[in-house]
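Have a look at the structure below, then the notes.
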Amino acid sequence: MIQERISAVRARTTRRVYHGWWVSLAGAFNMVLSSGPTYQASSVLFKAIEDEFGWSRALISGVASFGRFGGAMLGPVEGFLTDRFGSGKMVLVGFTMGGVGLIAFSMIQGALQYYFAFFLLSLGFSVGGFVPSITAVNAWMVRNRATGMSFVIGGSSIAGLLVPPMVWSISNYGWRPTVFVIGIIAIVLGPLVARLLGRRPTPEELEEQTRSSSSEPGRRSRQARLYDFTPKEALRTRAFWSISMTHMLVNLSTGAISGHLFLQLTDSNGVNLDDATAASVLPILVVTSFVFQLGGGIMGDRISKRVLVPFLLLIQGGALVILAIADSFIMAAVFAVVWGVGFGARTPLLHAMRGEYFGRRHFGTILGLSSFPMSVGITLAPFLMGLVHDIQHTYEWGLYVLAATCVLASVTILFATRPIPPGVQQRMRARRARERRNR
């Protein structure tokens, strides 16, 4: 009798945890592995490369632009393949390719090998990282889409906690063994992440979330019946281009920060911190970003995303101004907090807007198509900022320009109104035509 009661309690507990939340956590773990070496820790690796080879900042940071260019060009293909074959297979292939790229990166001896290895690892983690993770979450989460996506994006921030251990490992063992070990870890853990993200929801499981207790049952029911735009239909909407343009503008600063933050913190014409102190700034940024990514996702499921995002973009721009004038650890820490608020909270909202506006069925392809203009910013920024530093020997004016692009993005997002499904548009046009004839 007691055993039966225990089994019943366990069964009820299991039913209360919707599988979409496990998918969201798996996506977060994916982003920890895939974004760590290519995004959060890239500036640390660039510093190690500069110390060993003495190359210019433009050449060193240009590898990030080169590597991300491949991901940007293949973005629509990645989205289509994710919709066609599923997130699991994409993760398995991508993590294998990324792990091999990291191992090759640990053995470079010249600039050509440097660019090839970084391109390979960037392409691999692009194929198996963000697009399949966010697509899997969008497929599962009907009612808490922004919150679920914030878990995935938060994983990218949590990856920043790996930076201090990487700095320690590079200082004690060298950057080559450090990168080699990370490559092995990626290859070994790839199949596990692929298995967790690979299963697709059944109609019954989606209906289970729709039936979850809610104070707005009518609204939840409408969410479950959202129209699934085809890629062709999405491309014809103003919302698609408004969100894509906004993401491109804000990703200029995101790409620059990922590639040059550690360099700015340690540069004699920048904040001028030693390596250990500069590394301690990154966890502040990481923790703040993670907290506000989750907070932004929760707010986005309750408040209009189109209202929240412009304010968050202005906060992100303000953080760049703070970094431009920072001359101490305290100012650098203030930048980290403000950046974490703006960048952290706005990121899940922009992606959730796509899912909310365009539906689930073709989300991977639509995300892939929008990733091309979106990735232009994050692709060009590392090289351009490195070039600015080589010419001016400071990042100050480059940071001011990036702040201005965030202000512009806060305007372009205002044009992202919810698109009307084509069938509804036709009926509206037909009704207006009948009204004109009857006058």
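Around atom CE of Met166, more than 12 heavy atoms belonging to other residues, nucleotides or ligands sit under 6.0 Å away. More than 12 non-hydrogen atoms from other residues, nucleotides or ligands lie less than 6.0 angstrom from OH of Tyr400.
The side-chain hydrogen bond (donor to acceptor under 3.5 Å, both in side chains) search around Thr147 returns Asp301, not counting sequence neighbours. Residues satisfying the side-chain hydrogen bond (donor to acceptor under 3.5 Å, both in side chains) criterion with Ser370, sequence neighbours excluded, are Arg354. Residues meeting the side chain to side chain contact (heavy atoms under 4.5 Å, CB included) test with Val338, sequence neighbours left out: Ile315, Ala319, Ile322, Val334. Residues satisfying the side-chain hydrogen bond (donor to acceptor under 3.5 Å, both in side chains) criterion with Ser289, sequence neighbours excluded, are absent altogether. Residues passing the side-chain hydrogen bond (donor to acceptor under 3.5 Å, both in side chains) test with Gln392: none are found, sequence neighbours excluded. Evaluation of the side chain to side chain contact (heavy atoms under 4.5 Å, CB included) rule for Leu294 yields Ser150, Phe151, Phe290 as partners, not counting sequence neighbours.
For Arg145 and Glu356, the salt-bridge test fails: no basic side-chain N is under 4.0 Å from an acidic carboxylate O.
Taken from CD1 in Ile366 to CD1 in Ile243, the straight-line distance is 10.5 Å, to the nearest 0.5 Å. Distance CG/Leu252 to CG/Leu320: 10.5 Å, rounded to 0.5 Å. Rounded to the nearest 0.5 angstrom, Phe311 CZ and Leu314 CG are separated by 8.0 Å. The CG atom of Leu384 sits 7.0 Å away from atom CG of Leu387, with the distance rounded to the nearest 0.5 Å.
Here the side chain of Arg199 pairs no donor or acceptor atom with the backbone of Arg195 at under 3.5 angstrom. When atom types are taken as modelled, the side chain of Ser133 and the backbone of Val152 share no donor-acceptor pair closer than 3.5 angstrom. Side chain of Tyr357 to backbone of Thr417: no donor-acceptor contact under 3.5 angstrom is found. Using modelled atom types, no side-chain atom of Asp228 and backbone atom of Gly359 make a donor-acceptor pair closer than 3.5 Å. In this structure, Ser122 contributes its side chain and Phe118 its backbone to a donor-acceptor pair below 3.5 Å. Thr237 places no side-chain N or O within donor-acceptor distance of the main-chain N or O of Glu233, the cut-off being under 3.5 Å.
Residues Asn138 and Met149 share a closest heavy-atom pair of OD1-CE, 3.5 Å. Shown here for Ser87 and Thr82, the closest heavy-atom pair between the two residues is OG-CG2, 3.8 Å. Between Asn30 and Gly128 the shortest heavy-atom distance is ND2-O, 2.9 Å. Across Val91 and Gly190, no two heavy atoms sit closer than the pair CG1-O, 4.0 Å. Closest heavy-atom contact between Ile49 and Phe105: CD1-CZ, 4.4 Å. When all heavy atoms are compared, the tightest approach of Met385 to Ala256 is CG-CB, 3.5 Å.
Taking the side chain as every heavy atom from C-beta outward, Trp339 and Ser253 approach each other to under 4.5 Å. Side-chain contact between Ile185 and Val188: absent, with no pair of heavy atoms (C-beta onward) separated by less than 4.5 Å. Using a 4.5 Å heavy-atom cutoff, the side chains of Val281 and Leu285 are not in contact. Between Leu350 and Ile413, some side-chain heavy-atom pair lies under the 4.5 Å cut-off. Contact annotation: the side chain of Phe130 approaches that of Leu367 to within less than 4.5 Å [non-hydrogen atoms, C-beta and beyond]. When side chains are defined from C-beta on, Leu33 counts as touching Phe95, because their heavy atoms get closer than 4.5 Å. Side chains of Thr230 and Thr365 form no contact here, defined as non-hydrogen atoms less than 4.5 Å apart. Using a 4.5 Å heavy-atom threshold, the side chains of Leu121 and Ile103 count as separate.
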> Going through the distances and angles, do Thr347 and Gln293 end up as a side-chain hydrogen bond (donor to acceptor under 3.5 Å, both in side chains)?
Replying inline: CA-CA 7 Å; Thr347 306; Gln293 278 162 351; 4.7 Å; no
>> Let's go through Leu235 and Trp241 carefully: what are the C-alpha distance in whole Å and the side-chain angles of both, what is the deciding distance for side-chain contact (heavy atoms from CB on, under 4.5 Å) to 0.1 Å, and is it a yes or a no?
In response: CA-CA 7 Å; Leu235 286 168; Trp241 294 106; 3.8 Å; yes
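Residues His260 and His389 place their aromatic rings such that the two centres sit no closer than 6.0 Å. Residues Phe363 and Phe358 keep their aromatic ring centres 6.0 Å or farther apart. The aromatic ring centres of Phe229 and His362 sit 6.0 Å or more apart.
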